[in-house]
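Take a look at this one; I'll ask things after.
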Amino acid sequence: MNKGAQLYEGKAKKVFATDDPQLLIVSYKDDATAFNGLKHGTIEGKGVINNRMSNALMHYLEKKGIPTHYVEELSDRDTVVKKVEIVPLEVIIRNISAGSFAKRYGVKEGIVFDSPTIEFSYKNDELGDPLINDYHAMALKLATPEEIEDIKKYAFQINDELKAFWKSCGVTLVDFKLEFGRVADGSIVLADEISPDTCRLWDSKTGEKLDKDRFRRDLSGVEDAYQEVMRRLEEKI
Ligand code: ADP
Ligand code: UDP
């Protein structure tokens, strides 16, 4: 599989065409951004870790019956995925209060919820990814009612699977962001990535942050944290 024209360069990945119109190659970069692109930096080796972690987790989810865009890992940073039409929603699942939830509702981080929450942001950089509900998403024709039902069902299933998986690694899955897309036959699949860039992962014993919050909050040991979660994942998968 050869890389064709570059179709897009995002904040964390580049996307290339391939010989097959239904397949793309995504290429993971070490670039890191936060606060809607206001903070820029590099996390050495992040692209390699995010590529391999996302692929391993998507492969794991496929085995559990969740459809994903993952096709084949080509190299440390490059992966073949099914081309999808991205549903412009950031789907956020939370098990524990943190980040924007704690800020918005004026609560401390670390409150364990009785059951997980789901929220959507409208994926639109110019608007700053505003929070949106199901009805708004349907009014804006971002997705059909059936697609929203599928997305919610998959998102909670993914949470159940990943929470249990990370627990076995001594890691608590606090919250995470998912993106879904439509494949050629119109069905919904999990797309984009699952990595320490898109999940909050805390050491189950110490509560130490093992994710992008170390970069967002200028904590030391960003690279070490990414390596540590990857090491724990590879022991189990
Ligand atoms: P951003 O666009 O937020 O800067 P990235 O740097 O991660 O993010 O860029 C990757 C882009 O590719 C994202 O816009 C994402 O929605 C999109 N994408 C992810 N998976 C697929 C896929 N399977 N098909 C088409 N687009 C995808
Ligand atoms: N997240 C993400 N991309 C975004 C926004 C959030 O991957 O554009 C992830 C983030 O890493 C965290 C979860 O979604 O795991 C919830 O993020 P939150 O809403 O708390 O936002 P933040 O703290 O990033 O402002």
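Numbering of ligands and ligand atoms starts at 1, following listing order. Model, not experiment: these values are computed from the prediction.
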### Query
Can you name the one residue among V222, N50, L210 that meets side chain to side chain contact (heavy atoms under 4.5 Å, CB included) with P196?
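Of the listed options, the one satisfying the test is N50.
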### Any N or O of S100 closer than 3.5 Å to N or O of ligand 2
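It does: an N or O of S100 is found under 3.5 Å from an N or O of ligand 2.
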### Query
Under 4.0 Å from ligand 2, counting heavy atoms only, is it the side chain of T198, its backbone, both or neither?
both
### Query
Backbone, side chain, both or neither: what part of A34 comes under 4.0 angstrom of ligand 2, heavy atoms only?
neither
### Task
Please work out whether the ring planes of Y60 and F165 are parallel, tilted or perpendicular, with thresholds of 30° and 60°.
tilted
#### Entry: Test log, rule side-chain contact (heavy atoms from CB on, under 4.5 Å), inputs I43 and I49
CA-CA 10 Å; I43 302 174; I49 288 175; over 6 Å; no
### Query
Does some side-chain heavy atom of I93 sit less than 4.5 Å from a side-chain heavy atom of F156?
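Contact flag for F156/I93 side chains = yes.
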### Query
K103 near ligand 2, heavy-atom distance under 4.0 Å?
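No; K103 lies far enough from ligand 2 that no heavy-atom distance drops under 4.0 Å.
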### Query
With a 4.0 Å cut-off on heavy atoms, is N36 touching ligand 2?
no
### Query
Should the heavy atoms of other residues, nucleotides or ligands under 6.0 Å from CZ of F35 be counted, would the total exceed 12?
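Correct, the count exceeds 12.
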#### Entry: Heavy atoms from other residues, nucleotides or ligands near NZ of K153 exceed 12 (cutoff 6.0 Å)
yes
### Query
With a cut-off of 4.0 Å, which atoms of ligand 2 are near a heavy atom of D197?
7 (O), 11 (O)
#### Entry: Nearest neighbour in protein (non-hydrogen) for atom 17 (O) of ligand 2
R200 NH1, 3.5 Å
### Query
Identify the closest protein heavy atom to atom 12 (C) of ligand 2: which residue and atom is it, and at what distance?
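The closest one turns out to be D175 OD1, 3.1 Å.
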### Message
Distance alone, cut at 3.5 Å: any donor-acceptor contact between the side chains of Y28 and D76?
### Response
no
### Message
Heavy atom to atom 10 (C) of ligand 2, shortest distance: which of K212, R217, R216 holds it?
### Response
R216
Any protein N or O within less than 3.5 Å of an N or O in ligand 1? List each pair with its distance, or say none.
residue: ligand 1; atom: 2 (O); partner: Y8; partner atom: OH; Å: 2.5
residue: ligand 1; atom: 3 (O); partner: K11; partner atom: NZ; Å: 3.2
residue: ligand 1; atom: 4 (O); partner: K11; partner atom: N; Å: 2.6
residue: ligand 1; atom: 4 (O); partner: K11; partner atom: NZ; Å: 3.4
residue: ligand 1; atom: 6 (O); partner: K11; partner atom: N; Å: 2.8
residue: ligand 1; atom: 6 (O); partner: A12; partner atom: N; Å: 2.6
residue: ligand 1; atom: 6 (O); partner: K13; partner atom: N; Å: 2.8
residue: ligand 1; atom: 7 (O); partner: K13; partner atom: NZ; Å: 2.6
residue: ligand 1; atom: 16 (O); partner: E179; partner atom: OE1; Å: 2.7
residue: ligand 1; atom: 20 (N); partner: D192; partner atom: N; Å: 3.2
residue: ligand 1; atom: 23 (N); partner: H69; partner atom: ND1; Å: 2.8
residue: ligand 1; atom: 23 (N); partner: K82; partner atom: O; Å: 2.8
residue: ligand 1; atom: 24 (N); partner: V84; partner atom: N; Å: 3.1

### Task
Could you give me the CA-CA distance, side-chain angles and deciding distance for S187 and D185, then say whether side chain to side chain donor-acceptor pair (under 3.5 Å) is met?
CA-CA 6 Å; S187 62; D185 71 3; 2.7 Å; yes
#### Entry: Salt-bridge contact D150-R182 (side-chain N to carboxylate O under 4.0 Å)
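Looking at R182 together with D150, the answer is no, because their closest N to O distance does not fall below 4.0 Å.
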### Query
Of all the non-hydrogen atoms in the protein, which one sits nearest to atom 6 (C) of ligand 2, and at what distance?
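Of every protein heavy atom, I92 CD1, 4.3 Å lies nearest to atom 6 (C) of ligand 2.
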### Close-contact set for ligand 2 against E90 heavy atoms, below 4.0 Å
4 (C), 5 (C), 8 (O)
### Query
Backbone, side chain, both or neither: what part of D213 comes under 4.0 angstrom of ligand 2, heavy atoms only?
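Under 4.0 Å from ligand 2, D213 contributes no heavy atoms.
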### The single option from D211, N95, D213, T172 passing side chain to side chain donor-acceptor pair (under 3.5 Å) against R200
D213
### Query
Between D192 and K123, is there a side-chain N and carboxylate O pair less than 4.0 Å apart?
no
### Message
Quick test: of every protein heavy atom, which one is nearest to atom 3 (N) of ligand 2, and how far off is it to 0.1 Å?
### Response
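Among all protein heavy atoms, the one nearest atom 3 (N) of ligand 2 is K177 CE, 3.6 Å.
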### Query
Taking the six-membered ring of F215, is NZ or CZ of K39 closer than 6.0 Å to its centre and within 45° of its axis?
yes
